[in-house]
Amino acid sequence: AVVALARVLPALSEAATSLGAAEEELVIGAVPAIEKARLYRGKGGEVMRSAVCRLIAAISRSQFTLPLPIKRALHTSIDENLRHPTEEIQVVAVLGEATVLDTSDPDRCDAETRVNAVNSLGTSAQVEAMPMSVVREVVMQRLLTAAADYATDNRGETFSRFALLLRCQEYRTALVQGLVISIGGIDSVLGRAASSALFPLLRAEPEGPEILVGMLRPLLATLEANAKNDRVVLPLLRTIDQLFQSGVLCTERDPYTGFFSELLELVRGELRQCRDIAKLLEGVAVVCHFVGSGQGEVPSQALQSILALMVNRYPKDDEEDEARAEKLEEVVDLLGETPWDAPVPEVKVNRNKLYAPLGLTPPAAATSMQMSKKAAVEPVDENASYAALVESAGY
């Protein structure tokens, strides 16, 4: 009966025939009623799950106005079936969830519903038992549909789910190119959404380092293939700089042999005879990360690039290089000259001096300690106070 209902509803929509209010209410409440009666149990439970997923797809395609609790209940049902170990139920669950994304009219599908749909599809892509053919032909197509309708809800839920597909090698190159443009592009909202989706994934253990290595090769390939193409190179340089700043990339550890030297050589090539100030600044930011690297000749090559840029025709770039070099020198001096085995209060004072040149915000405790110490050592001019007293008395 549930399967028959799922087939009748689309036919009624095509014939422009609507149900009465009472019948529509029964259809909309059918799935919650089935689950309340616990009809998933027993021998026919799997058959009922499959039928319910088809009914949800049919309801989504119909012209029904669904109350928010019903929408949430349908998505909860789909999410549960996506985790079911039976492949057939997973497939129909994906089809049921994907139907929501096929509806492009914002009045028929609110932002929260579409976000839930994207999240569920992302979850389905991670189910180990799901065949890759289903991921490729169903999940990816629906995610692309959601991306095409991105203007409906531009908070970034669709790129966050695309990032998870970095686990799939066949999508990796295209995903890296898209994420680079998103993270390093001019749209700050999209950039934050993309970076917040990618960086935690790359830090996650144990798969994060493996995914990172897998995406760095296509990243280098993208930089090499788009040499001197600033539309791609500029956001790519910004993305690399953010990978270093976030700690995902660390110059003390080469993700794989030769990566840093390859990357530095490509960046140096982009900076040669460059007249774009924005690109020079982003390139300098990346090169400066290699100065403290312990990877062979990488540090000396980075310093040579910085010295070469010191005579660049654009003074702002020279100032940027000089400022970074001075900060680095200040940090090295503080680290080398501070007796770190001295009493803790003395060590803390010198430790706190490292925050500014490293571009870090000192914790509240360090700031308050510095302020209290300054107030304690500030001399009090007694004569000035006495002169003020005499003046106020009219003498």
Side-chain angles (χ1 to χ4, degrees), residues 166 169 172-185 195 198-199 202 209-314 316-325 327-329 332:
L166 283 170
Q169 186 174 357
R172 199 165 285 160
T173 299
L175 285 170
V176 167
Q177 293 172 352
L179 286 168
V180 161
I181 298 298
S182 299
I183 294 173
S195 58
L198 177 62
F199 294 166
L202 299 179
E210 182 181 350
I211 296 176
L212 175 63
V213 172
M215 71 166 283
L216 291 180
R217 295 185 187 277
L219 187 145
L220 287 181
T222 301
L223 182 56
E224 187 174 11
N226 293 275
K228 303 298 182 180
N229 180 0
D230 292 352
R231 186 181 66 83
V232 176
V233 171
L234 195 56
L236 199 151
L237 291 174
R238 292 193 190 108
T239 301
I240 295 172
D241 182 38
Q242 290 190 41
L243 286 172
F244 278 114
Q245 290 189 31
S246 65
V248 173
L249 282 178
C250 177
T251 53
E252 296 178 0
R253 302 186 306 273
D254 210 342
Y256 64 83
T257 304
F259 168 73
F260 285 142
S261 59
E262 291 178 41
L263 174 59
L264 179 58
E265 185 57 34
L266 288 171
V267 174
R268 292 173 70 186
E270 289 295 327
L271 298 182
R272 292 190 189 103
Q273 300 180 347
C274 178
R275 298 182 178 182
D276 186 329
I277 295 179
K279 184 177 177 181
L280 285 168
L281 293 175
E282 297 298 339
V284 166
V286 173
V287 171
C288 284
H289 288 295
F290 294 107
V291 173
S293 171
Q295 307 296 325
E297 298 182 357
V298 170
S300 61
Q301 292 174 348
L303 284 171
Q304 288 176 4
S305 297
I306 292 175
L307 290 173
L309 289 169
M310 293 293 286
V311 295
N312 190 277
R313 62 184 294 183
Y314 297 103
K316 185 177 181 181
D317 191 56
D318 298 342
E319 292 170 5
E320 187 82 9
D321 289 342
E322 187 175 354
R324 289 178 182 270
K327 288 179 181 179
L328 179 63
E329 185 178 356
V332 172

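The model shown is predicted, which means the values in this text are computed figures rather than measured ones. This chain uses plain numbering: 1 for the first residue, then up along the sequence.
Arg172 contributes a side-chain N or O that, together with a main-chain N or O of Leu166, makes up a donor-acceptor pair within less than 3.5 Å. Remark: the backbone N or O of Gly269 is paired with a side-chain donor or acceptor of Lys228 at under 3.5 angstrom. Of the possible donor and acceptor atoms, one in the side chain of Asn226 sits under 3.5 Å from a partner among the backbone N and O of Thr222.
Note: Leu202 CG to Glu210 CD = 12.0 Å, rounded to the nearest 0.5 Å. Interatomic distance, Glu265 CD to Glu262 CD, rounded to the nearest 0.5 Å: 10.0 Å. Atoms CG and CZ, on Leu249 and Phe260 in that order, are 5.5 Å from each other to the nearest 0.5 Å. With rounding to the nearest 0.5 Å, the separation of CG in Leu179 from CD in Gln177 is 10.5 Å. Within the model, atoms CG of Leu243 and CG of Leu212 stand 7.5 Å from one another, a figure rounded to the nearest 0.5 Å. Atom CG of Leu266 and atom CG of Leu220 lie 6.0 Å apart (nearest 0.5 Å).
In this structure, the side chains of Leu263 and Leu223 come closer than 4.5 Å at one or more pairs of heavy atoms. At least one side-chain heavy atom of Gln245 sits less than 4.5 Å from a side-chain heavy atom of Asp241. Contact annotation: the side chain of Val291 never approaches that of Pro299 to less than 4.5 Å [non-hydrogen atoms, C-beta and beyond]. Side-chain contact between Ile183 and Pro235 is absent, with no heavy-atom pair separated by less than 4.5 Å. A heavy-atom distance below 4.5 Å is found between the side chains of Met215 and Leu198. Counting heavy atoms from C-beta outward, Leu237 and Val233 have side chains that approach closer than 4.5 Å. The shortest distance between side-chain heavy atoms of Phe199 and Gln242 falls below 4.5 Å. No side-chain heavy atom of Leu303 sits under 4.5 Å from any side-chain heavy atom of Phe290.
Closest heavy-atom contact between Glu282 and Leu234: CG-CD1, 3.7 Å. Smallest separation of non-hydrogen atoms from Ala302 and Leu264: N-CD2, 3.8 Å. Here the closest heavy-atom approach between residue Val284 and residue Leu271 is recorded as N-CD1, 4.3 Å. For the pair Ser305 and Val287, the tightest heavy-atom approach, listed with the atom from each and the gap, is CB-CG1, 4.1 Å. Heavy-atom minimum distance, Gly283 versus Val267: O-CG1, 4.0 Å. Summarising the geometry of Gly184 relative to Thr239, their closest heavy-atom pair is N-OG1, 3.5 Å, with the distance given to 0.1 Å.
Under the 30°/60° scheme for interplanar angles, the aromatic rings of His289 and Phe244 are found to lie parallel.
For Arg272, the CZ atom sits in a packed shell: over 12 heavy atoms of surrounding residues, nucleotides or ligands are nearer than 6.0 Å.
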